[in-house]
Amino acid sequence: MIIKYGGNAMKSPELRRAVAAEIAALRGEHLPVVVHGGGPFIERELAARGLSSEFRGGLRVTPPELMDVVEMALCALNKRLSQEVGQAVGLMGRDSDLLRAETFDPALGRVGRVTGVNAGLLRTLLGAGLTPVLGCVAVGPDSEALNVNADTAAGAVAGALGQGIIFLTDVDGVYRDYPDPASRAAQLSRAEVEAGIAAGWIAGGMLPKVRAALDALERGAPFATIASGMTAGVLAAAARGEAGTRLTP
């Protein structure tokens with residue numbers, strides 16, 4: 001099972017450690033792979049250096065001088081998170097070509113789209129009883145680092161391994177009538193999601209989340225769940241299909 005852990009859901013050290021313990025507990029039933037972003041941590045490192053960045057289409061513009069800071073921030077978070085999970089190995093996409101990518105818009109700088117996943121390395125680590133914790137820096141055709149979106153990278157990993165994926169974010173799931181908690185959809189098909197987008201009840205900040213989930217399904221994941229990473233205990237329930245919204249092909 002792939003767990004995409006979002007940056008905003010990791011800002012509280014206490015909550016992050018609680019979720020890390022839940023990830024470790026899942027090893028009794030699943031073989032988890034963690035893929036993480038780290039937007040707030042990148043922002044902090046940029047601010048400490050008097051640097052700033054902008055977003056275009058939801059992606060951080062990453063010129064070469066910012067790429068070094070992005071990679072440094074994600075590496076530090078990666079090692080911290082792998083230590084908190086325990087019995088884990090912290091990796092970046094540059095390790096053994098774990099994530100391969102290509103640039104797709106020169107205006108975005110060192111931003112890439114994942115084109116390949118070293119699934120064999122992940123299976124080897126899982127077979128050894130270790131939990132891979134993967135930070136979203138990939139290697140480009142020029143052998144240099146590329147900043148890749150954590151949601152789509154996690155979807156690519158899920159597709160490469162043929163595993164379901166849970167997107168831990170800052171919402172409880174997809175609502176048919178937000179914010180009415182009774183309107184949370186427990187399960188949605190691809191057709192229902194597309195109908196929800198057309199009807200407008202899937203909109204705003206939920207759009208990129210469901211699109212990342214649909215991308216994971218397109219790449220071969222059997223399901224994709226959107227659930228909250230802001231409350232302890234949700235991950236195990238989401239893995240059982242009892243929390244969040246599960247999207248199916």
Side-chain angles (χ1 to χ4, degrees), residues 1-6 8-9 19 22-23 25-37 58 99 113-117 119 122-123 126 131-132 134 136 148-231 233-249:
M1 177 174 288
I2 314 306
I3 300 163
K4 189 272 173 175
Y5 200 6
N8 285 326
V19 173
E22 292 178 41
I23 293 171
L26 280 180
R27 283 194 289 254
E29 300 180 25
H30 304 278
L31 297 175
V33 176
V34 180
V35 181
H36 71 85
L99 290 179
R113 177 191 293 114
V114 176
T115 58
V117 177
L122 295 174
R123 292 191 181 101
L126 292 169
T131 296
L134 175 56
C136 290
V148 294
N149 178 270
D151 288 325
T152 54
V157 172
L161 293 177
Q163 295 292 319
I165 180 170
I166 297 175
F167 292 91
L168 287 181
T169 182
D170 55 358
V171 294
D172 293 324
V174 182
Y175 290 79
R176 295 181 183 273
D177 184 20
Y178 185 83
D180 179 5
S183 71
R184 178 182 61 84
Q187 184 166 311
L188 293 170
S189 67
R190 174 185 292 275
E192 288 174 316
V193 169
E194 291 172 347
I197 294 172
W201 54 266
I202 297 179
M206 183 53 67
L207 278 174
K209 296 178 176 63
V210 297
R211 284 174 175 153
L214 292 178
D215 181 67
L217 297 178
E218 183 69 24
R219 290 174 182 266
F223 68 85
T225 297
I226 298 171
S228 174
M230 308 301 289
T231 305
V234 171
L235 177 57
R240 297 191 300 268
E242 298 171 359
T245 299
R246 179 169 289 198
L247 279 63
T248 57

Exercise. For residues Ser183 and Tyr175, report the shortest heavy-atom separation together with the two atoms involved.
Key: OG-CD2, 3.5 Å

Practice problem: Quick one: closest heavy-atom pair of Pro249 and Ser189, and the distance? | Solution: O-CB, 4.4 Å

Quiz item: When rounded to the nearest 0.5 angstrom, what distance separates CG in Leu31 from CG in Leu26?
Solution: 10.5 Å

Practice problem: For residues Ala221 and Leu217, report the shortest heavy-atom separation together with the two atoms involved. | Solution: O-CD2, 3.4 Å

Quiz prompt | Main-chain N/O of Thr152 paired to Asn149 side chain as donor or acceptor, under 3.5 Å | solution = yes

Quiz item: Below 4.5 Å, heavy atoms only, C-beta onward: do Met1 and Leu235 meet side chain to side chain?
Solution: no

Quiz item: Does Pro32 offer a backbone N or O that forms a donor-acceptor pair with the side chain of Arg27 under 3.5 Å?
Solution: no

Quiz item: Can Leu207 and Ile202 be said to form a side-chain contact (heavy atoms from CB on, under 4.5 Å), step by step?
Solution: CA-CA 6 Å; Leu207 278 174; Ile202 297 179; 4.1 Å; yes

Practice problem: Quick one: which residue pairs count as a salt bridge (charged side-chain N to carboxylate O under 4.0 Å, His left out) with a foot in residues 199-208, not counting sequence neighbours? | Solution: none

Quiz prompt | All pairs passing salt bridge (charged side-chain N to carboxylate O under 4.0 Å, His left out) where residues 188-207 contributes a residue, at least two apart | solution = Arg190-Glu218

Quiz prompt | Closest non-hydrogen atom pair between Asp172 and Ser228, with its separation | solution = OD1-CB, 3.2 Å

Self-check item: Heavy-atom donor-acceptor pair, Gln187 side chain to Arg246 backbone, under 3.5 Å
Solution: no

Quiz item: If every non-hydrogen atom of Phe167 is compared with every non-hydrogen atom of Ala224, which pair is closest and at what distance?
Solution: CE1-CB, 4.1 Å

Quiz item: Tell me, which pairs form a side chain to side chain donor-acceptor pair (under 3.5 Å) where one or both residues lie in residues 200-217, sequence neighbours left out?
Solution: Asp215-Arg219

Practice problem: Check whether any side-chain heavy atom of Val19 lies under 4.5 Å from a side-chain heavy atom of Ile3, and answer yes or no. | Solution: no

Quiz item: Can you tell if the side chain of Val117 reaches within under 4.5 Å of the side chain of Leu99, non-hydrogen atoms only?
Solution: yes

Self-check item: Non-hydrogen atoms of Glu22 and Val234 that approach each other most closely
Solution: OE1-N, 3.8 Å

Practice problem: With rounding to the nearest 0.5 Å, note down the distance linking CD in Glu242 to OG1 in Thr225. | Solution: 11.5 Å

Practice problem: Please round to the nearest 0.5 Å and tell me the distance separating atom CZ of Arg123 and atom CG of Leu161. | Solution: 5.5 Å

Quiz prompt | Pro132 and its side-chain contact (heavy atoms from CB on, under 4.5 Å) partner, picked from Ile2, Val157, Val33 | solution = Val33

Quiz item: From Leu188 CG over to Leu214 CG, what is the distance, rounded to the nearest 0.5 angstrom?
Solution: 9.5 Å

